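Presented below is the structure to which this report refers.
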Amino acid sequence: MRTRVIGNVNVGAIGLGAMPMSVAGHMPDETQSIRTIHAALDAGVTLIDTADAYTPSADDIGHNERLVAKALALWSGDRDAVLVATKGGHTRTPGDGWDVDGRPVYLRQACERSLKALGVEAIGLYQHHRPDPAVPYEETVGAIRDLLDEGKIRMAGISNADPSQIRTAHEILGGRLASVQNEYSPRFRSSEPEIDVCAELGVAFLPWSPLGGMGAAGGLAGPFARVAAERGVSPQQVCLAWELARSPVVIPIPGASRPETIIDSVAAAELTLSEEELATLG
Ligand SMILES: NC(=O)c1ccc[n+]([C@@H]2O[C@H](COP(=O)([O-])OP(=O)(O)OC[C@H]3O[C@@H](n4cnc5c(N)ncnc54)[C@H](OP(=O)(O)O)[C@@H]3O)[C@@H](O)[C@H]2O)c1
C-alpha cells in the first residue's frame, strides 16, 4: 500500500479504526472481529487506531485494546511493522456515557493500564483523547510529554484539538507532536483549519469517522456516488481518496467490523482522483 508518515514511522495511507468492534449493540463476535483485523493486516494496513475507552460497558475498559492485541498475537505476519495507536483521557460512565479526565495523575494510570491491555513495553502512538475543560491543556499535554520522555510511549498525539491547542501541544512536546486526530468527512468539514496547521507543522492528521460514522452510505450520496459509479468503485473509496488528496499529512482511519468493508476501504489508497473529480466533490 502507498505509505504516509507519522512521526518517524511509515504507515499504510489507510489505517483501521477498531472502535466498531467494541460498541454495545453493534458488536460482532470475537471471531469476526479477529477476522476483520487480520483482513486489514493482510491487505497492508499498518496502523490500527484504538482507545482504552472503546468498550461495550464501563466495567470493561480496555476491551478494544485487548481485542487488537489478541488479533495481532494470532497473526502470522510481521507484527513489528504495525503501529498500534491508542488513546487516554476519555472515561466511561455506567449506561454508555462518556466523560473526560485530563489530570496528569489520571493519564499516567490510564497509560499504565493501556500498556498492560496491549501487552507492550512501550505504546507506539499514544494520543490524548479529548481536552478536559477542568484541567489546563498545558498540564495535560505536559503529562503526555513526561510519558514520552520516560519511554512509556514512542510517539505522542492529540485528538479533538483546535488550531491553538495543536500549536500549544507541539510547543510543549518540544516539536515532537506526531499526530492530530479530529473528525473529518464530506459531511463534517469544519476541521479544515486543523488540517492546515498540521500540514504547516509536518504533523500527521488522522480523520476520525472519515466515512461520516455509522450508516456511512447514506451520507455519501450525490457527487461521491456519481464519481464512484463512473470509476466502478464504492462511494467509500471515493470519500477516502478525496481525504487523501486534501493533504499529504492526511491518513484516514475508517472503522470496520467486517472484513469486506476494510478490504474495500484499503483500495482507496491506490485511487487517485483527477482535478476535475476533486472539483466536483467540492
Ligand atoms: N478521536 C475520537 O474522538 C474518535 C471518535 C470517533 C471515532 N474515532 C476513531 O475513528 C475510527 C473511524 O470512525 P467510525 O468507526 O466512527 O466511523 P467511519 O469510519 O466513518 O464509519 C465506520 C462504518 O462504516 C462502515 N464502512 C467502513 N468502510 C466501508 C466501506 N468501504 N464500505 C461500506 N461501509 C464501510 C463500517 O461498517 P461495518 O461495521 O459493517 O464494517 C463501519 O460501521 C473509529 O473506529 C475510531 O478508531 C475516534
Side-chain angles (χ1 to χ4, degrees), residues 1-6 9-21 36-50 82-83 85 125 127 157 159 179-192 194-196 198-199 203-282:
M1 201 198 308
R2 194 149 54 104
T3 60
R4 293 207 162 173
V5 178
I6 301 182
V9 175
N10 282 321
V11 294
I14 299 289
L16 168 68
M19 187 179 76
M21 293 178 274
T36 302
I37 296 169
H38 285 181
L41 296 169
D42 290 340
V45 164
T46 51
L47 168 65
I48 302 180
D49 182 71
T50 179
V82 181
L83 175 64
L125 172 62
Q127 306 156 101
S159 180
S179 65
V180 173
Q181 184 177 138
N182 277 16
E183 185 170 11
Y184 184 63
S185 67
R187 72 178 182 97
F188 189 95
R189 302 191 186 202
S190 50
S191 284
E192 298 281 353
E194 285 84 1
I195 297 177
D196 291 337
C198 285
V203 169
F205 180 90
L206 280 45
W208 67 253
S209 291
L211 301 169
M214 303 289 175
L220 295 173
F224 286 85
R226 278 200 299 281
V227 170
E230 282 161 20
R231 285 294 199 103
V233 299
S234 69
Q236 287 80 7
Q237 281 183 39
V238 175
C239 170
L240 296 167
W242 169 82
E243 288 162 15
L244 287 170
R246 173 61 177 75
S247 165
V249 298
V250 170
I251 305 171
I253 45 166
S257 61
R258 292 178 295 140
E260 305 87 279
T261 45
I262 188 61
I263 288 168
D264 182 73
S265 293
V266 162
E270 312 306 330
L271 178 66
T272 304
L273 299 170
S274 68
E275 287 303 323
E276 202 184 347
E277 286 169 328
L278 289 169
T280 310
L281 298 172

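Fair warning: this is a prediction, and the values are worked out from it, not measured in the lab. Numbers here are sequence positions counted from 1. Heavy-atom basis, side chains included; hydrogens, waters and symmetry copies ignored.
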Supply the atom-to-atom distance [X] [atom1] to [Y] [atom2], rounded to the nearest 0.5 angstrom.
| X | Y | atom1 | atom2 | value |
| --- | --- | --- | --- | --- |
| Cys239 | Leu281 | SG | CG | 9.0 Å |
| Ser190 | Tyr184 | OG | OH | 10.0 Å |
| Leu16 | Leu41 | CG | CG | 7.5 Å |
| Ile14 | Ile262 | CD1 | CD1 | 7.5 Å |
| Gln237 | Glu270 | CD | CD | 10.0 Å |
| Phe224 | Leu240 | CZ | CG | 10.0 Å |

Yes or no on side-chain contact (heavy atoms from CB on, under 4.5 Å) for Val203 and Val249, after CA distance, side-chain angles and deciding distance?
-> CA-CA 7 Å; Val203 169; Val249 298; over 6 Å; no

If we ignore hydrogens and angles and just use 3.5 Å, is the side chain of [X] paired with the main-chain N or O of [Y] as donor and acceptor?
| X | Y | result |
| --- | --- | --- |
| Arg187 | Gly212 | yes |
| Trp242 | Gly282 | yes |
| Ser179 | Ala204 | no |

Of the non-hydrogen atoms in [X] and [Y], which two are nearest, and what is the gap between them?
| X | Y | answer |
| --- | --- | --- |
| Leu47 | Ala85 | CD1-CB, 4.1 Å |
| Phe205 | Cys198 | CD1-SG, 4.0 Å |
| Pro252 | Pro210 | CB-CB, 4.2 Å |
| Arg231 | Thr272 | NH2-O, 2.8 Å |
| Ala13 | Leu244 | O-CD2, 3.6 Å |
| Met21 | Ser257 | CG-CA, 3.9 Å |

Look at atom CD of Glu260 and say whether more than 12 heavy atoms of other residues, nucleotides or ligands are closer to it than 6.0 Å.
-> yes

Should the heavy atoms of other residues, nucleotides or ligands under 6.0 Å from CD of Glu192 be counted, would the total exceed 12?
-> yes

Ser185 and Glu243, any side-chain heavy atoms less than 4.5 Å apart = yes

Check against side-chain contact (heavy atoms from CB on, under 4.5 Å), Val9 and Leu125 | CA-CA 10 Å; Val9 175; Leu125 172 62; over 6 Å; no

State whether a side-chain donor-acceptor pair under 3.5 Å links Gln181 with Asp49.
-> yes

